[in-house]
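Data first, discussion second: the structure below is written as structure tokens.
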There are 2 protein chains.
Amino acid sequence: MSVASRRRENSTVRPLSKQRLRLWIRLLRAARGIEGELRERLRKQFAITLPQFDVMAALARNEAGMNMTELSRLLMVSNGNVTGIIDRLATDKLVLRQAPASDRRSYIVRLTPKGAAQFAIVAKAHEGWIDELLAGFGAAEAEELIQQLSGLAAGHRGGDQRS
Amino acid sequence: MSVASRRRENSTVRPLSKQRLRLWIRLLRAARGIEGELRERLRKQFAITLPQFDVMAALARNEAGMNMTELSRLLMVSNGNVTGIIDRLATDKLVLRQAPASDRRSYIVRLTPKGAAQFAIVAKAHEGWIDELLAGFGAAEAEELIQQLSGLAAGHRGGDQRS
DNA sequence: GGAAAGTACTTTAAACCTAAAATATTTATG
DNA sequence: CATAAATATTTTAGGTTTAAAGTACTTTCC
């Protein structure tokens, strides 16, 4: 069987791998565009960085607090990275470190009341921005896409790089 | 009319804005996961960073070369950022800077023959990785998603921050 | 021609980010 | 108990990233 006729068997003129490559470029550009827009608005309107907002959002959702490893895994950033972000938030009294009695290697990071109050305000604006920036997606489209994205390369990012 | 019955009229129990927020989180996590995976493979198998690969990919596609502003806009990264990436690629003799006669403010960046040859090898592997990481998307799904993502917040990122 | 505005790029400072090595602590195992 | 392995975090070094300021050059407009 010739290459040409084998090609003709499936209906894709463009190879699927090229199509997926295009999709990846678009996905990356979309994420970067939205991230950049959010970053700029957070900075100008609330004088906060995007990574700091991300950490506060994670902590707001987990009122009991989180340790550093949980944070790095959830946010898909490297372990050592979280240290600096928490340092800066702690300097601004937006988060605090609590030592649990059981394990002296780790500690729990929580939002302070000041941090929680400030986050509530920023989060409201943030949700509105996302609503605006993703206005092209209706409820059904959004749900479908969420499902597709969930089963992607389940990120083995974050956490310790050693294994 | 009660709130409950109004709720029942459209089919979304969850407000659309919350749905879009969830979509954004998923989109970001997917992009970060794939990016992290690519970064790691590029580093381990080809000793190159992801941003350097991105720049080389842009240059490989534009054989006539690109100037710094075009690069920063295409890659959606800030203007000053590209300088350092090009510096390192130039140190490794993978790209070269060419001064056009017309405008002495700018210059054209091109792949060197060495850079083009090296990129061809890496790009082949890269396409395979994307094919693997986006295996969940078939041809129709990919095409549909590309269309949806195209009409998003058309990134006004990159380029000069002044206006 | 010459000032003013715009454009292209670099530099700087601060934050971010990763990977790897280091430190401290806890758990598992003989 | 003692040692080894695992876990949680920090530190370090190097690259990335942004925003803003700075330099150099070009265009516009009088």
Side-chain angles (χ1 to χ4, degrees), chain A residues 31-33 35-44 47-55 65-73 75-92 97-109 155-163, chain B residues 32-33 35-44 47-55 66-73 75-92 97-109 155-163:
Chain A
R32 280 194 190 165
E35 248 191 308
E37 189 63 32
L38 292 177
R39 184 190 310 279
E40 187 178 349
R41 294 187 189 187
L42 285 171
R43 182 181 52 83
K44 286 194 176 165
I48 196 177
T49 68
L50 181 56
Q52 286 169 13
F53 175 79
D54 287 342
V55 168
M66 304 175 76
N67 62 32
M68 301 295 270
T69 301
E70 288 168 344
L71 273 172
S72 87
R73 269 203 267 265
L75 302 177
M76 313 259 306
V77 298
S78 74
N79 197 336
N81 185 12
V82 182
T83 300
I85 299 171
I86 294 295
D87 282 350
R88 282 166 221 114
L89 286 173
T91 302
D92 294 343
R97 293 165 153 118
Q98 261 179 342
S102 57
D103 189 336
R104 276 183 301 178
R105 291 171 304 181
S106 80
Y107 52 78
I108 299 297
V109 183
H156 31 76
R157 304 290 312 158
D160 239 348
Q161 282 82 27
R162 295 186 300 282
S163 72
Chain B
R32 279 193 189 167
E35 247 191 309
E37 189 63 32
L38 292 177
R39 183 190 311 279
E40 187 178 349
R41 294 185 188 188
L42 285 171
R43 183 181 53 83
K44 287 192 175 167
I48 197 178
T49 67
L50 181 56
Q52 286 169 12
F53 174 80
D54 287 342
V55 167
M66 304 176 75
N67 63 30
M68 301 296 270
T69 302
E70 287 168 345
L71 274 171
S72 87
R73 269 203 266 266
L75 302 177
M76 314 259 305
V77 300
S78 74
N79 197 337
N81 185 11
V82 183
T83 299
I85 299 171
I86 294 294
D87 281 350
R88 283 167 221 112
L89 286 173
T91 301
D92 294 343
R97 294 167 152 115
Q98 262 180 342
S102 59
D103 189 335
R104 275 184 299 178
R105 291 171 303 179
S106 80
Y107 52 78
I108 299 298
V109 182
H156 32 76
R157 302 291 310 160
D160 240 349
Q161 283 82 27
R162 294 186 301 281
S163 69

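Each chain gets a letter, A, B and so on, in the order its sequence line appears, and its residues count up from 1. Side chains are part of it too, since the values below use all heavy atoms of this structure and drop only hydrogens, waters and symmetry mates.
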Below 4.0 Å: OP1/OP2 of dA20(D) and any side-chain N or O of Arg43(A) = yes
N/O donor-acceptor pairs under 3.5 Å from side chains in residues 99-106 of chain A, not counting sequence neighbours:
| unit_1 | atom_1 | unit_2 | atom_2 | d |
| --- | --- | --- | --- | --- |
| Asp103(A) | OD1 | Arg105(A) | N | 2.8 |
| Asp103(A) | OD1 | Arg105(A) | NE | 3.1 |
| Asp103(A) | OD2 | Arg105(A) | NE | 3.4 |
| Asp103(A) | OD2 | Arg105(A) | NH2 | 2.8 |

query = Asp87(A) CG to dA14(C) C1': how many Å, rounded?
reply = 14 Å
Length of the CD1-P vector between Ile85(A) and dT18(D), whole Å = 15 Å
task = Could you tell me the separation between the CG atom of Asn79(B) and the C1' atom of dT17(D), rounded to a whole number of Å?
result = 12 Å
key: By side chain to side chain contact (heavy atoms under 4.5 Å, CB included) - contacts of Asp92(B) (at least two apart)   = Leu94(B)
request  = Provide, to the nearest angstrom, the distance between the CG atom belonging to Leu38(B) and the C1' atom belonging to dT18(C).
outcome  = 15 Å
Test salt bridge (Lys or Arg N to Asp or Glu O under 4.0 Å) applied to Arg43(A) - qualifying residues, sequence neighbours left out = none
key: Atom pair distance, as rounded to whole Å: CG in Asn81(A) and P in dT12(D)   = 16 Å
message = Is Thr49(A) close enough to dT18(D) that one of its side-chain N or O atoms is under 4.0 Å from OP1 or OP2 there?
response = no
message = Rounded to whole Å, please give me the gap between NZ in Lys44(A) and P in dA20(D).
response = 7 Å
query = Quick one: Arg73(B) CZ to dT7(C) P, roughly how many Å, whole number?
reply = 10 Å
query = Taking only residues two or more places apart in sequence or in another chain, which ones pass ring-ring contact (aromatic ring centres under 6.0 Å, His included) with Phe53(B)?
reply = Phe119(B), His126(B)
task = Could you work out which one of dA8(D), dT18(D), dT18(C) sits closest to the side chain of Val77(A)?
result = dT18(C)
query = Between Asn67(A) and Val82(B), who's closer to the 5' end of DNA chain D by nearest nucleotide?
reply = Asn67(A)
Distances under 3.5 Å only, N/O to N/O: pair up the protein atoms with those of nucleotides 24-26 of chain D.
| unit_1 | atom_1 | unit_2 | atom_2 | d |
| --- | --- | --- | --- | --- |
| dT26(D) | OP1 | Arg104(B) | N | 3.1 |

ask   = Looking only at side-chain N and O atoms, does Ser78(B) come under 4.0 Å of OP1 or OP2 in dT17(D)?
value = no
task = Could you please name the option among dT9(D), dA19(C), dA15(C) that lies closest to any side-chain atom of Arg39(B)?
result = dA19(C)
key: Nearest-0.5 Å distance that lies between atom CD1 in Ile48(B) and atom CZ in Arg39(B)   = 12.5 Å
key: Interatomic distance where OH belongs to Tyr107(B) and P belongs to dT7(C) [whole Å]   = 19 Å
message = List the residues meeting side chain to side chain contact (heavy atoms under 4.5 Å, CB included) with Glu70(B), not counting sequence neighbours, and say none if there are none.
response = Met66(B), Asn67(B)
message = Donor-acceptor pair, distance only, cut-off 3.5 Å: does the side chain of Arg32(B) make one with the backbone of Leu75(A)?
response = yes
